[in-house]
Amino acid sequence: MGSKADHLHMLFFPFMAQGHMLPMVDMAKIFAARGARVTLLTTPVNATIIRPNIDDSVHLHIIPFPSTEFNLPDGCENVSFIHSDNQHINFMKTTSSLRRPFDSVLRDLRPDCVVTDIFFPWTNHVVIARGILRLVFHGTGNFTVCAKWAFKQCRLLTDKVESFVLPNLPHQIEMLKTQVMDFNNLARMETEILMKTANEAKEVQSKSYGTLMNSFYELESEYVDLYCKMKGRAWNVGPVSLCNKEVINKSIRGGKYATSVSECLKWLDKRSVGSVVYICFGSGSSFSMEQLRYEERIKDHGMLIKGWAPQLVILNHKAVGGFVTHCGWNSSLEGISAGLPMVTWPLYADQFYNEKFLVDILKVGVMVGSKVYTSNAKLRPIVEASSLTAAIRRLMGDGIDAEKRRRRAKELGEMAKRAVDKGGSSYEEIENLMHELMERKKHV
């Protein structure tokens, strides 16, 4: 961009959950590397997670998080610390209370634009009052946003059927009624606050300057086009995790590890190429004791990591040949970027939509057979060990279908790397956006 880009000041404000913070921190690093002046806004506890992942090119600005004022434990500043539905409701109320300190930050720093999470729709009113542009960050991909939109078109009909086809999409996507959120199964207060946030986010979407997506055009071109037609302007700038090129960058991403990176690498280095299956269910998943009975059975054959794992290091190791995933968007995209086929085991949130994308559209996934949307481990049907075994054998086998999946996965991994390299689609999207913002800045 040249020296002019140094004068573009962007403020990033991620939602306090690992699945939202990690990609936004990567995104902030990317824009800083391209010459923007970048401020990352967060709270004290989350700052300790973020700080090791950034350098002097990103300025960390901290505001207090009033946990105890909303009946949360002191220091409960991240969704991963929440252990009950009531705490989740109080957490969302606490984030909404940040409106005044957020406004003070805008008054003092006067950024040219802000990038705030879709779970912070209230920030739009603040930035408009301050005359500042807002870009929305979606924590998922274009396909899933379009699929959710399609589901709303037929929601009233789904009560009468066990399965349905999502209307008005480029592909025929069939879902089970049990695989989408049922607000009737949520507590009243939780339903109210989720609906309020969703409705407000929808209301302010058209008032924002546009959306930043952690995806790339070649991956889901038809859905990028459909999203822009439905929702307005968007810039696909991912996969943002690929900005972490060195092992050291991948190793410090996301927090302290229960098992050292060197220990993981030592174990993986002893395995033959493509022989290891990596299993991970993200930062917000829980399972019943009955579902986890296989834990003791793998200790002599595998490596068990309790707590945060160095996922980027593991996925990109040559010994890893497959990935069993909960289908969170970050994990899905990181698996795609690593060129790996995946066994899909969705649990809740956007994960069942992402499974459809991996299996039915990209054709790099094998379903384990998860059919019920719930974050409550006690209510979730058990996936039998035999189902998981069968899915992994299909994934890692020598058959024609398995070879096609592996070949397709490698092709997608190469496409992802080209997208973020100089001249690639995501690289150019960043260039175009920064140029556009600078031109607007000149005429303000």
Side-chain angles (χ1 to χ4, degrees), residues 19 118-119 136 138-186 191 194-195 197-199 201-203 205-206 211 213-234 236 238 325-333 335-336 342-375 380-381 391 405 408 412:
I118 193 167
F119 284 167
V136 185
H138 269 288
T140 192
N142 295 271
F143 166 79
T144 291
V145 177
C146 293
K148 287 181 178 180
W149 167 80
F151 173 62
K152 290 177 183 177
Q153 314 307 307
C154 65
R155 179 182 289 171
L156 294 176
L157 302 176
T158 58
D159 289 339
K160 305 174 183 178
V161 296
E162 294 302 313
S163 66
F164 55 92
V165 174
L166 294 172
N168 304 315
L169 295 180
H171 298 83
Q172 180 165 315
I173 304 296
E174 186 173 1
M175 305 278 294
L176 296 175
K177 181 170 65 175
T178 56
Q179 292 177 322
V180 293
M181 178 186 283
D182 183 357
F183 282 103
N184 295 323
N185 291 335
L186 298 177
T191 299
L194 286 174
M195 289 296 293
T197 302
N199 289 335
K202 181 180 178 181
E203 178 189 337
Q205 177 81 39
S206 61
T211 307
M213 304 292 287
N214 182 19
S215 187
F216 60 102
Y217 187 78
E218 295 83 357
L219 182 69
E220 44 177 351
S221 57
E222 292 169 294
Y223 294 95
V224 172
D225 295 340
L226 181 58
Y227 177 89
C228 291
K229 182 179 179 181
M230 289 173 5
K231 301 286 188 178
R233 305 186 71 196
N236 286 263
T325 175
H326 67 307
C327 302
W329 182 242
N330 290 321
S331 288
S332 298
L333 198 53
I336 288 166
M342 290 169 257
V343 166
T344 59
W345 189 338
L347 306 172
Y348 63 101
D350 61 347
Q351 297 160 20
F352 283 95
Y353 292 117
N354 294 336
E355 176 185 55
K356 290 296 181 181
F357 183 61
L358 294 171
V359 175
D360 294 349
I361 298 177
L362 297 185
K363 302 189 184 304
V364 295
V366 174
M367 294 186 292
V368 79
S370 178
K371 296 179 180 178
V372 176
Y373 178 119
T374 180
S375 59
R380 190 179 303 124
R405 262 191 303 273
R408 176 64 175 156
L412 291 174

* Structure fact -> Rounded to the nearest 0.5 Å, the OG atom of Ser163 sits from the NZ atom of Lys371 at a distance of 11.0 Å

* To do: Using the side chain to side chain contact (heavy atoms under 4.5 Å, CB included) rule, pick out the option among Leu358, Val343, Asp350, Thr144 that qualifies with Cys327.
  => Leu358

* **Under 3.5 Å: donor-acceptor pair, side chain of Arg380, backbone of Val372** => no

* Asked: Side chains of Ser215 and Tyr223: donor-acceptor distance under 3.5 Å anywhere?
  -> no

* Closest contact, heavy atoms only, Cys154 versus Pro167 -> SG-CD, 3.9 Å

* Measure across Ile336 and Met342 and return the closest heavy-atom pair with its distance rounded to 0.1 Å. => N-CE, 3.7 Å

* Main-chain N/O of Cys228 paired with Lys231 side-chain donor or acceptor, under 3.5 Å -> no

* Euclidean distance, Glu355 CD relative to Tyr353 OH, rounded to 0.5 Å -> 12.5 Å

* Please lay out, stage by stage, how Asn354 and Thr344 fare under the test side chain to side chain contact (heavy atoms under 4.5 Å, CB included). => CA-CA 9 Å; Asn354 294 336; Thr344 59; over 6 Å; no

* Structure fact -> CG of Asp225 to CG of Asn142, rounded to nearest 0.5 Å, is 9.0 Å

* Asked: Phe164 versus Val180: any side-chain heavy-atom pair under 4.5 Å?
  -> yes

* Any Asp360 side-chain heavy atom under 4.5 Å of Gln172 side chain -> no

* Between the main-chain N or O of Glu174 and the side-chain N or O of Lys356, is there a donor-acceptor pair closer than 3.5 Å? -> yes

* Minimum heavy-atom distance between Ile118 and His138, given as atom pair plus value -> CD1-CE1, 2.8 Å

* **Interatomic spacing from CG in Leu226 to OG in Ser221 - rounded to 0.5 Å** => 11.5 Å

* Measure the acute angle between the ring planes of Tyr373 and Tyr348, then classify it against the limits of 30° and 60° as parallel, tilted or perpendicular. => perpendicular

* To do: Taking the side chain as every heavy atom from C-beta outward, state whether Val366 and Arg405 have any pair of such atoms under 4.5 Å apart.
  => yes

* To do: Report the distance from atom CZ of Phe143 to atom CG of Leu219, rounding to the nearest 0.5 Å.
  => 11.5 Å

* Minimum-distance pair of heavy atoms, taken over all atoms of Ala147 and Leu169 -> CA-CD1, 4.2 Å

* Asked: Ignoring hydrogens and geometry, is there a side-chain-to-backbone donor-acceptor pair from Trp329 to Asn214 under 3.5 Å?
  -> yes

* **Spatial distance of atom CG (Leu412) from atom NZ (Lys363) [nearest 0.5 Å]** => 12.0 Å

* Asked: Does a sphere of radius 6.0 Å around CE in Met175 hold more than 12 heavy atoms from other residues, nucleotides or ligands, not counting ones at 6.0 Å or beyond?
  -> yes

* Asked: Hey, is the main chain of Phe119 close enough, under 3.5 Å, to the side chain of Thr197 for a donor-acceptor pair?
  -> no

* Just by modelled atom types, is the Phe352 backbone N or O under 3.5 Å from a matching donor or acceptor in the Gln179 side chain? -> no

* Minimal non-hydrogen separation, Tyr227 against Thr211, with atom names -> OH-OG1, 2.9 Å

